[in-house]
Amino acid sequence: MQKQNGLIFAADLKERRKTLNLTRKISDYIDAVKVNYPLVLSTGAEIISDLSDITDVIADFKLADVPHINSRISKIAFNKGASAVICHAFTGEESLKSCTKTASEFDGEVYSVVNMSHPGSEDVMDSSLPKLCEISKKADIDGVIAPGNQPDKIEMIKNKIDTKILSPGIGAQGGKGKKAISAGADYIIVGRSIYDSTDPVKSAKKIRDNIKMYYSNE
Ligand code: XMP
């Protein structure tokens, strides 16, 4: 994924045509599109190939299975044209390594989830944060997912692991793009604030411009 905009579009829609049209229209403002179960279960895995003709695709299946299944799912995603997969770190080093090993066969990337943005995630994930970063390091991941609505956590994670940080939780979940970037995020992930907006293209451009301005002022 080439960093030009710092923005990743979370395409959590259910309609194929709408997703492709919108992704095409905002492609100048994003560096990748992230697909999750709502889209893939509604439209089929071919959507990964279709989107990969427009931009890089991150397959966010939050893989959390035994190693050979994690590996099989990753392989399908990469074969369809994904550039990266997202995996949970809590299943341990072997499960995560099964993803990074598979990714290396495709020149793909793996991002591990070390913390989450929603209320209640702190119940289990906060106390495990150091361990989840350690597991991610050992598995040689390409980056981590860290909550964009909690800049203090981004800073904490940045201090524990020297890697790319992708941050969801911006907009609808209360996070601010500039704050996340200034805390150490390399990319922000935004869904509803784009696709639910009355003018999604304008919103995507505005979100991108906001963080772009910040980069140039750094
Ligand atoms: P919006 O902008 O609609 O985007 O809130 C939600 C998208 O981001 C994903 N998401 C997360 N993924 N850890 C993750 O791995 C998180 O803490 C997190 N918070 C949101 C969510 O799956 C959706 O695609």
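Note that the numbering runs from 1 along the sequence shown for the chain.
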Would you tabulate the side-chain donor-acceptor contacts of residues 83-95 under 3.5 Å, counting partners in other chains and residues two or more places apart, or write 'none'?
| unit_1 | atom_1 | unit_2 | atom_2 | d |
| --- | --- | --- | --- | --- |
| E93 | OE2 | K97 | NZ | 2.7 |
| S95 | OG | D65 | O | 2.7 |

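Checked for salt-bridge contact, K205 and D209 meet the test: a charged N lies under 4.0 Å from a carboxylate O. A salt bridge is defined here as a Lys NZ or Arg NE, NH1 or NH2 lying under 4.0 Å from an Asp or Glu carboxylate O, and K153 with D126 meets this definition.
Rounding to the nearest 0.5 Å places CG of L22 at 9.5 Å from CD1 of I54.
The salt bridge (Lys or Arg N to Asp or Glu O under 4.0 Å) contacts involving residues 164-175 comprise E109-K164, where partners must be two or more places apart or lie in separate chains. Applying the salt bridge (Lys or Arg N to Asp or Glu O under 4.0 Å) test to every pair with at least one member in residues 37-61, sequence neighbours left out, gives these pairs: R16-D50, K34-D60, E46-K80, D60-K62. Applying the ring pair (Phe, Tyr, Trp, His ring centres under 6.0 Å) definition to pairs two or more places apart or across chains, those involving residues 41-69 are Y37-F61.
Side chain of D186 to main chain of I165: a donor-acceptor pair is present (N/O by atom type, distance under 3.5 Å, no hydrogens or angles).
The shortest side-chain heavy-atom distance between F9 and Y195 falls under the 4.5 Å cut-off. With a 4.5 Å cut-off on side-chain heavy atoms, I73 and I69 count as touching. Inter-residue side-chain proximity for T43 and T19 is flagged as unmet; no heavy-atom pair is nearer than 4.5 Å.
Not counting sequence neighbours, K206 has no partner by the salt bridge (charged side-chain N to carboxylate O under 4.0 Å, His left out) test. Applying the salt bridge (charged side-chain N to carboxylate O under 4.0 Å, His left out) rule to K131 yields the partners E134; only residues at least two apart in sequence or on another chain are considered.
In the model, T102 has no side-chain atom that pairs as donor or acceptor with a side-chain atom of S74 under 3.5 Å. Defined by atom type and a distance below 3.5 Å, a donor-acceptor pair is present between the side-chain atoms of S136 and S112.
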